[in-house]
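Please read the structure below before turning to the comments.
Heavy atoms only: backbone and side chains are in, while hydrogens, waters and symmetry mates are out. The sequence lines fix the lettering, A, B, ..., with proteins before strands; numbering per chain opens at 1. Note that this is a predicted model, so its numbers are computed, not measured.
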2 protein chains.
Amino acid sequence: MNKESGVFIVDDDEQVRSALTLLMESVGLRSESFSSGQEYLDQFDDSKPGCLILDVRMPGISGLDLQARLSAEKIHPPIIIITGHGDVPMAVRAVTAGAIDFIEKPFNNQSMLDTVHRAIEQDAKQRGESSRLEEIENHYNELTPREKEVLLSVIEGKRNKIIASEMNISQSTVEAHRSKVMEKMAAKTLSDLMRMALLLKLID
Amino acid sequence: MNKESGVFIVDDDEQVRSALTLLMESVGLRSESFSSGQEYLDQFDDSKPGCLILDVRMPGISGLDLQARLSAEKIHPPIIIITGHGDVPMAVRAVTAGAIDFIEKPFNNQSMLDTVHRAIEQDAKQRGESSRLEEIENHYNELTPREKEVLLSVIEGKRNKIIASEMNISQSTVEAHRSKVMEKMAAKTLSDLMRMALLLKLID
DNA sequence: AGTAAAATTAGAAGATGTAATAATTTATAT
DNA sequence: ATATAAATTATTACATCTTCTAATTTTACT
């Protein structure tokens, strides 16, 4: 478990915040508390690893709103929703929207910790994957438009000869582009290139 | 929408069954009703496309049990859970276990239909994907052990020369295996083969 | 107008993959 | 023990890919 990971607690109830803070401290987890969604957003830093615990009913932005906003920004930290007045439809909506759990207050300390640990693990996994993806995206963005075209054809399994005729250029040019693509993408083999293309969703 | 798709209703309450049956008929959807989980399992036929509507509280197998049993058998039809006495933890459990929705009785007819339509679409999509996967698995199972070894190396991007030395066989043999692999897997290009390998989860 | 990046082409040599044919040696099962 | 399938190897001819070097043309930007 990455001890750098933090638990970001957003609840307008001071008692809940301090209870959660203590609970996290009890197992050596760092936490930061915020009394409103806006306060959290103001300091938001995507580079901080960890998970969120969001209260539903708060002045201003509700926990569910905050969940939706982050999701709209393609930011997907593991989210645990807590609420004192939840109902079934609300829980279903939160979970189908990606929340890792929806917990009613008062909650059981141990099950909260279990969920938090699961959430932090998931975040670590996601971060590992997305840092690799970013690296690949950076390489991809170095490609010229023409090189991207060639890349697409290559991963579709087309022969250089075919690509050349489809693009109305000579085979030599395709070879030149192709070699640049391999170099810029840092792919040693076609199989490497295909795996990257998959992560980039250039192919199903 | 595939009109062959059916809605499988499992509820011990005759009134609910007939209400749902009528509702499905009203939009031209075929349905079959069962008064218990066991009754459903007795006639279960994986080849029938569609979705399930399961009541939670029933004599014998509960809807949630049934959901768990199917899941344990790696059978994943879209499941809609309905209940008269649901609570938040139950809803969270059902949805995180993969239920497409968790709806309290009495339910709104239109939203039930919306969910059913979503469920049937999802089922159709899943079936399309899994029939393709089955086809590929069948091809894969035709491979001899040695051919499977070669396939693995090939999709890792290894040269025939390398594979030969790693397997302590001649390059000719690798070429022979490789060509058999392409033939048996019905892959026209290396890129085809890689895509199949991904579906087979031979590579991340 | 001048510079830099991008796109284009060619040629040649060597490495690699493909296809077709043919043959030998192990296994495996009836 | 003997078919049958699997595994093995070799050879030949060809197709393709890779790498290198070198050069020209276009495009975009200042």
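For the pair L151(A) CG and dA6(C) P, the interatomic distance rounds to 16 Å; values are reported in whole Å. Between the CG atom of N168(B) and the P atom of dT8(D) there is a distance of 10 Å, rounded to whole Å. Rounded to whole Å, atom C1' of dA20(C) lies 17 Å from atom CE of M182(B). Between the P atom of dA7(C) and the CD atom of E149(A) lies a distance of 9 Å, rounded to the nearest Å. The interatomic distance linking E147(A) (CD) with dA6(C) (C1') rounds to 8 Å, in whole Å.
Summary of the strand contacts: E175(A) and T144(B) both lie near DNA chain D, and taking for each the nucleotide with the nearest heavy atom, the more 5' one is attributed to T144(B). Toward the 5' end of DNA chain C, the nearer of the two residues R159(A) and Q171(A), judged by each one's closest nucleotide, is Q171(A).
Taking side-chain N and O atoms only, N160(A) has no distance below 4.0 Å to OP1 or OP2 of dT16(D). OP1 or OP2 of dT9(C) lies within a sub-4.0 Å distance of a side-chain N or O belonging to T173(A). For the pair K161(B) and dA15(C), the criterion of a side-chain N or O lying under 4.0 Å from OP1 or OP2 is not met. For dT8(D), the OP1/OP2 oxygens have a side-chain nitrogen or oxygen of H177(B) closer than 4.0 Å.
A salt bridge between R127(A) and D123(A) is present, with a side-chain N of the basic residue lying under 4.0 Å from a carboxylate O of the acidic one. Salt bridge present: R132(A) and E135(A) bring a charged side-chain N and a carboxylate O closer than 4.0 Å.
In this structure, H177(B) and T173(B) have side chains that are in contact, with non-hydrogen atoms separated by less than 4.5 Å. Taking 4.5 Å as the limit, some side-chain heavy atom of I61(B) sits within range of a side-chain heavy atom of L41(B).
You'll find that the side chain of S170(B) is closest to dA10(D), out of dA10(D), dT9(C), dT18(D). Of all nucleotides listed (dT18(D), dG17(C), dT8(C)), dG17(C) comes nearest to the side chain of R178(B). Nearest to the side-chain atoms of A176(A) among the listed nucleotides dT9(D), dA7(D), dT8(C) stands dT8(C). The side chain of S172(A) lies closest to dT9(C), out of dA6(C), dT9(C), dT19(D).
The CZ atom of R178(A) lies 13.5 Å from the CD atom of E147(A); values are rounded to the nearest 0.5 Å.
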